[in-house]
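Proteins get letters first, then strands, A, B, ... in listed order; numbering begins at 1 in each.
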There are 2 protein chains.
Amino acid sequence: MPDDPQWKEDYEDAVQKLRDAGLRITNPRMALLKVLLDQKLPCRIEDLHQQVGPQHCDLATLYRCLATFQELGIVRRCFLNDGTSLFEIVSPNREHNHHVICKVCHKVESFDVCVAEGLEPLVRKLGYRDISHVLEFFGICEDCQENESPATAKNLSKK
Amino acid sequence: MPDDPQWKEDYEDAVQKLRDAGLRITNPRMALLKVLLDQKLPCRIEDLHQQVGPQHCDLATLYRCLATFQELGIVRRCFLNDGTSLFEIVSPNREHNHHVICKVCHKVESFDVCVAEGLEPLVRKLGYRDISHVLEFFGICEDCQENESPATAKNLSKK
DNA sequence: GTGAGTGCAAAGAGTTTGCAGTGGG
DNA sequence: CCCACTGCAAACTCTTTGCACTCAC
C-alpha cells in the first residue's frame, strides 16, 4: 500500500499536520496512521487495535491518538446506532461516503452518495456554525438473513 | 394534552400494540408513554425520567420499557455523537423528522425534510432488509456561539 | 535533558442484568 | 394465583483520566 502515490500523499499530509501542530511523530501514532490508511471502510476501534498489534499500542493511547487525529482533521469519527463508533481517514482523495451497516454482524458497506450535504446550508440558515452530519443506514445483510433462524426473527431480541 | 384526538389515537395505538404482544399494561409503561406523547422533540432519558417522576419509575425500568417500546415500534431511539441517546415517539400522525442538535447545549431542533428516505430502495437493492436510517445534523447554536469565549474556540477541546 | 506521549490501572458515564419481591390479568 | 414486570444494586462496555515512566526532539 505505501507504494500507492495516493496513500503516500495522505500519509505525508497527516504527518505534516502533526508537525504543524507541534506534535511528535511517535511510533503508536505512525502505526495507527498506517493502519487507518490501509482501511477501505470505517473501522471499529477494536479492529484498529488488532491491526496495529495490541502489543504495539495501548487501547487508551489509541483513543488518545484518534482524538488528536480528529482534532487535526485527519480522521472522522462516526457514532453508530449501538453506541460504538467507527473511525475513518479523511482525505481529499477519498469521497465523503455514507454507509450501510448490518445490525447483526456489523459489516459496513460504502454508499457513495451524500444527499445530506445539500441540507447543510439550511442548517446554517438556522444560525448554526461548525456543522457536521451523520447519515447512516442500518439493515440486516443477506448473509445474516440466511443465518437467522425463523424463530429469532419473531422473538423480541434477547440474548 | 390527552384531550387532543391525535394524542389519544397515538395512545390507544400504543396500548393496543402492547396488548397484541401479550404484554402488560403497567403503571411505569403508561406513565412513560404519556410523557413520550407530550414531547414535541426527541428526549434524553434523564429528561424522561425527570418528567415521569423519578419516584414513579426506576431508570432501569425506563430503559427496559423504552427497549420494549422500540421493539414494538412505539418509539425510535437515536444515538448521538456523544454516546447518549434520544427517544421519540413513532406516530403516523407525526412527520418523520430529522434534527439539528447543538454540540454544546444539546438543544434539539426539528428539521422537517427527509432526503434519506429516497435512498432506502437503493439499500434494499444491496440485499438489506429491515432498513432504517439515521440522519442528524450537529452544530453550535447561536446562543452557544455567543457564550463561547474566543479562547476556547482555538483550543483543542478539553475539559 | 525535558516535556509530550505512553502504558497501566483505575475511574466514569451510560446502559444492562440478576434476583427477589410485587401486582396485573 | 402465577408469571411478567419492577426496583435495587451490581455488573458491563466503552471511553476517559491520573500518574509515573519513556523516548522524540
Side-chain angles (χ1 to χ4, degrees), chain A residues 14-33 42-50 52-72 74-75 77-87 106 155-159, chain B residues 14-33 35 42-50 52-72 74-75 77-87 101 106 155-159:
Chain A
V15 172
Q16 198 51 52
K17 277 182 184 164
L18 283 166
R19 291 229 161 85
D20 291 348
L23 300 172
R24 295 183 178 171
I25 309 304
T26 66
N27 286 329
R29 281 180 183 160
M30 290 307 98
L32 170 59
L33 177 58
C43 225
R44 330 199 112 218
I45 196 147
E46 313 92 80
D47 297 338
L48 292 173
H49 192 210
Q50 216 50 55
V52 170
Q55 65 286 138
H56 291 98
C57 181
D58 191 70
L59 245 190
T61 302
L62 212 51
Y63 275 107
R64 279 188 279 227
C65 289
L66 285 166
T68 306
F69 284 6
Q70 196 183 4
E71 309 270 10
L72 298 177
I74 297 172
V75 306
R77 180 175 189 167
C78 135
F79 287 82
L80 298 192
N81 242 350
D82 63 356
T84 62
S85 1
L86 298 180
F87 294 88
H106 294 122
N155 290 343
L156 296 187
S157 70
K158 50 188 57 161
K159 297 275 162 68
Chain B
V15 173
Q16 197 51 51
K17 278 182 184 163
L18 282 167
R19 291 228 163 83
D20 291 348
L23 299 172
R24 294 183 178 171
I25 309 303
T26 65
N27 285 331
R29 281 179 182 160
M30 289 307 99
L32 171 59
L33 176 58
V35 168
C43 224
R44 329 200 111 220
I45 196 147
E46 312 93 79
D47 298 337
L48 293 172
H49 192 211
Q50 215 51 53
V52 171
Q55 66 285 141
H56 291 98
C57 181
D58 191 68
L59 245 189
T61 302
L62 211 52
Y63 276 107
R64 277 188 281 229
C65 290
L66 285 166
T68 305
F69 284 6
Q70 194 184 5
E71 309 269 10
L72 298 177
I74 297 172
V75 306
R77 179 175 191 167
C78 138
F79 285 83
L80 299 192
N81 247 346
D82 63 356
T84 63
S85 0
L86 297 181
F87 294 87
I101 299 151
H106 295 121
N155 289 344
L156 296 188
S157 70
K158 50 188 55 161
K159 298 273 163 70

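Straight-line distance from the CG atom of B:L18 to the C1' atom of D:dA4: 13 Å, rounded to whole Å. What separates CG of A:L62 from C1' of D:dC14 is a distance of 13 Å, to the nearest Å. Computed from coordinates, the B:L23 CG to D:dC3 C1' distance equals 13 Å when rounded to whole Å. Summarising the geometry, the separation between CG on A:L48 and P on D:dC14 is reported as 14 Å, rounded to the nearest angstrom. The CZ-C1' distance, from B:R19 to C:dG24, rounds to 11 Å in whole Å. Following rounding to the nearest Å, B:L32 (CG) and D:dG7 (P) show an atom-to-atom distance of 12 Å. The distance from atom CD1 of A:I25 to atom P of C:dT6 is 11 Å, rounded to the nearest whole Å. A:L66 places its CG atom 15 Å from the C1' atom of C:dT6, with the value rounded to the nearest Å.
A close approach under 4.0 Å does occur between a side-chain nitrogen or oxygen of B:R77 and OP1 or OP2 of C:dT15. The phosphate of C:dT6 (OP1 or OP2) has a side-chain N or O of A:T26 nearer than 4.0 angstrom.
For B:N27, whose side chain is taken as the heavy atoms from C-beta onward, the closest listed nucleotide among C:dG24, C:dC8, D:dC25 is C:dG24. For A:Y63, counting side-chain heavy atoms from C-beta on, the closest listed nucleotide (C:dT17, D:dT15, D:dT6) is D:dT15. Distances from the side chain of B:A60 to the nucleotides C:dT15, C:dC8, D:dA9 place D:dA9 closest. When the nucleotides C:dG5, D:dT6, C:dT15 are ranked by their closest atom to the side chain of B:P28, D:dT6 comes out on top. For B:D58, whose side chain is taken as the heavy atoms from C-beta onward, the closest listed nucleotide among D:dG7, D:dA24, C:dT15 is D:dG7. The side chain of A:R64 approaches C:dG7 more closely than any other nucleotide in the set C:dG24, D:dG7, C:dG7. Ranking C:dT6, D:dC23, D:dC3 by closeness to the A:T61 side chain, first place goes to C:dT6.
Heavy-atom nearest nucleotides on DNA chain C were determined for A:L59 and for B:R24, and the one closer to the 5' end corresponds to A:L59.
Nearest heavy-atom pair, A:F87 versus A:I45, reported as atom, atom and distance to 0.1 Å: CE1-CD1, 4.1 Å. Between B:I25 and B:V15, the closest heavy-atom pair is CD1-CG1, 3.9 Å. A:L62 and A:L32 get closest at one heavy-atom pair: CD1-CD1, 3.8 Å.
Side-chain atoms of A:R29 come within 3.5 Å of backbone N or O of A:R24 as a donor-acceptor pair. With hydrogens and angles ignored, the 3.5 Å screen pairs a side-chain donor or acceptor of A:H49 with a backbone N or O of A:C57.
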